[in-house]
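Chain letters run A, B, ... following the sequence lines, proteins first, then strands; residues in each count from 1. The figures here come from the full heavy-atom set of this structure, side chains too, leaving out hydrogens, waters and symmetry mates.
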There are 2 protein chains.
Amino acid sequence: MTPALKDLYVQKDKMYVATDCIIFGFDAGKLKLLVFKRRVEPFLGAWSLIGSFVRMEEDVSEAAKRVLTEITGLDNVFMEQLKAYGLANRDPGYRCVSIAQFALIRIDDYDKELTETHGAHWFELNELPELVLDHGQMVEDAMARLKRKARYQPIGFELLPEKFTIPQLQSLYEAIYQKKLDDRNFRKKLMTLGLLIKLNEKDKTTSRRGAFLYKFDYDNYQKLVKSGYNFEIA
Amino acid sequence: MTPALKDLYVQKDKMYVATDCIIFGFDAGKLKLLVFKRRVEPFLGAWSLIGSFVRMEEDVSEAAKRVLTEITGLDNVFMEQLKAYGLANRDPGYRCVSIAQFALIRIDDYDKELTETHGAHWFELNELPELVLDHGQMVEDAMARLKRKARYQPIGFELLPEKFTIPQLQSLYEAIYQKKLDDRNFRKKLMTLGLLIKLNEKDKTTSRRGAFLYKFDYDNYQKLVKSGYNFEIA
DNA sequence: ACAAAAGTGTTTTTTCTACACCCATGG
DNA sequence: CCATGGGTGTAGAAAAAACACTTTTGT
């Protein structure tokens, strides 16, 4: 914080600082968002992102992790800051700046009980209800970030189970980019990356023949990144 | 802002919210950063980004614009939010979250008097002094953003005068990417974009022959973006 | 035997890269 | 007339896009 000179002599105003989580999941070929029905005033009954005020002694990112763990029971979730929302009148109740966080979770391994006690629901992205305050804007911005980022960083894998099939991966990318991709080119591209480990198991839930399962090779990816490698999945 | 349920019953803490500006300029083939020598405690005499506390009645982005205008005398400067810095102990004096802003200015048309009265200096990026608090991190993050963003959005033009030559533009991109680019390929690439308007004037300050001046075609760019166009300058 | 999804190669087109010489001008 | 930076084209390599059929297997 670097106050401009004159600010040293004017009143410094204190505000609430909050954090809101935009939580993406992927299920049955659809991108989904975890939103919450508020059970208290203000905005009782309205849909909203989950969030919390940031406490005096915690980092903003810690506050976000705390919320995510309370809600999903998960630790080690992929999360990064989206941006701060700081319109003076964004919350009619009181001045509050919110720092939105962008999270990706494996939809199958979160704690359903926990979420249900919090009034959580998964919505498909194009079937989202109206959200309170500027939360709709946050979701829109997060979606744009996801689209851009999925291309250059292997964050898509955060949305899939640890073991996944190529067709699953493709349908995820199709959901993110909102367009159909060519099977052969997609598979070829991925294989040439050398970042998938083929397992000796098949997933037979979607076809009689079954599709081979793969794991993402995080170790190799880390190495490649260090040596100046640029991931890209169009 | 979406408080988690339990937060409604716990104390809500108020904090200072500040904004700090990472101001880039480009001059004589070098990327530069505007930093300030502090003339008051705390950190008297240390180098720092310029910033301000956000006031109760102003948007965070307004606060940043206010600072920028106070310092440079310029309005309509390219500025966008970088991200929020929210470590609990980032400022030893008191809890303060800072929202860093990323600004690009045309180095020739800012008000030199104004900046000098504020203790401002332009530093080349690889000759930066130590900065207070987490400002060094902010600069590093901003530089990464500039590198990434210059490739996909025509923000480079914000750093050049309205009329510029191709060699000038190339040297800007070379400074941003920190590598030499091929003259012919660079020029070819730009020409095929169809976003430069060639003027009937030459800049003769750098060669006897003189280089034609160009303007960026913002109108056409807007149109192309709307029709789904993707800008790219490698 | 057949439905339904998984898996496989080749050709064409486009984009990227590397590379060397002439031009215009002011001094 | 010459030093200096401005400006131009082409060929080879690499990457992206288009495209259709065979395989497996549970029912």
Residues passing the ring-ring contact (aromatic ring centres under 6.0 Å, His included) test with A/Tyr152, sequence neighbours excluded, are B/Tyr152
Students should find that the end-to-end axis angle of the helix from C/dA1-D/dT27 to C/dG27-D/dC1, with five pairs defining each axis and rounding to 10 degrees, is 0°
Quick tally for nucleotides 19-27 of chain C: nucleotides whose base has a protein heavy atom under 4.0 Å get B, sugar-phosphate-only ones S, the rest -, giving BB--BBBBS
To the nearest angstrom, the CG-C1' distance between B/Leu190 and C/dT15 comes to 15 Å
Hits for side-chain hydrogen bond (donor to acceptor under 3.5 Å, both in side chains) against B/Arg145, two or more places apart or cross-chain, chain-then-number order -> B/Glu80
Validation: residues 175-183 of chain A side-chain donor-acceptor distances under 3.5 Å, sequence neighbours left out:
| residue | atom | partner | partner atom | Å |
| --- | --- | --- | --- | --- |
| A/Tyr177 | OH | A/Ile233 | O | 2.8 |
| A/Gln178 | OE1 | A/Lys147 | NZ | 2.9 |
| A/Lys180 | NZ | A/Glu174 | OE2 | 3.1 |
| A/Asp182 | OD1 | A/Arg184 | N | 3.0 |
| A/Asp182 | OD1 | A/Asn185 | N | 2.9 |

From NZ of B/Lys198 across to P of D/dT8 the rounded distance in Å is 6 Å
Contacts satisfying salt bridge (Lys or Arg N to Asp or Glu O under 4.0 Å) that involve residues 210-234 of chain A (not counting sequence neighbours) are A/Arg151-A/Glu232, A/Glu162-A/Lys215
Those residues at least two apart in sequence (or on a different chain) that pass side chain to side chain contact (heavy atoms under 4.5 Å, CB included) with A/Gln153 are A/Lys149, A/Ile155, A/Tyr221
With sequence neighbours left out, the residues meeting side-chain hydrogen bond (donor to acceptor under 3.5 Å, both in side chains) with B/Glu140 are none
Taken to the nearest whole Å, CD/A/Glu232 to C1'/D/dA15 is 11 Å
Rounded to whole Å, CG of A/Asp203 lies from C1' of C/dA4 at a distance of 14 Å
Separation of D/dA16 atom C1' from A/Arg151 atom CZ, nearest Å, is 11 Å
Taken to the nearest whole Å, CG/A/Leu181 to C1'/D/dA17 is 12 Å
Sorted by chain and residue number, the ring-ring contact (aromatic ring centres under 6.0 Å, His included) partners of A/Tyr229 (sequence neighbours excluded) come out as none
To the nearest angstrom, the CG-C1' distance between A/Asn230 and D/dA14 comes to 16 Å
side-chain hydrogen bond (donor to acceptor under 3.5 Å, both in side chains) filter on B/Tyr85, not counting sequence neighbours, yields B/Asp141
For A/Phe231, the ring-ring contact (aromatic ring centres under 6.0 Å, His included) test, sequence neighbours excluded, returns none
What about B/His121 and B/Trp47, are their ring centers closer than 6.0 Å? yes
Below 6.0 angstrom between ring centroids: does that apply to A/Phe24 and A/Phe26? no
When rounded to whole Å, the CZ to C1' distance for the pair A/Phe186 and C/dA6 reads 14 Å
Within residues 162-174 of chain A, those residues having any heavy atom closer than 4.0 Å to DNA chain D are none
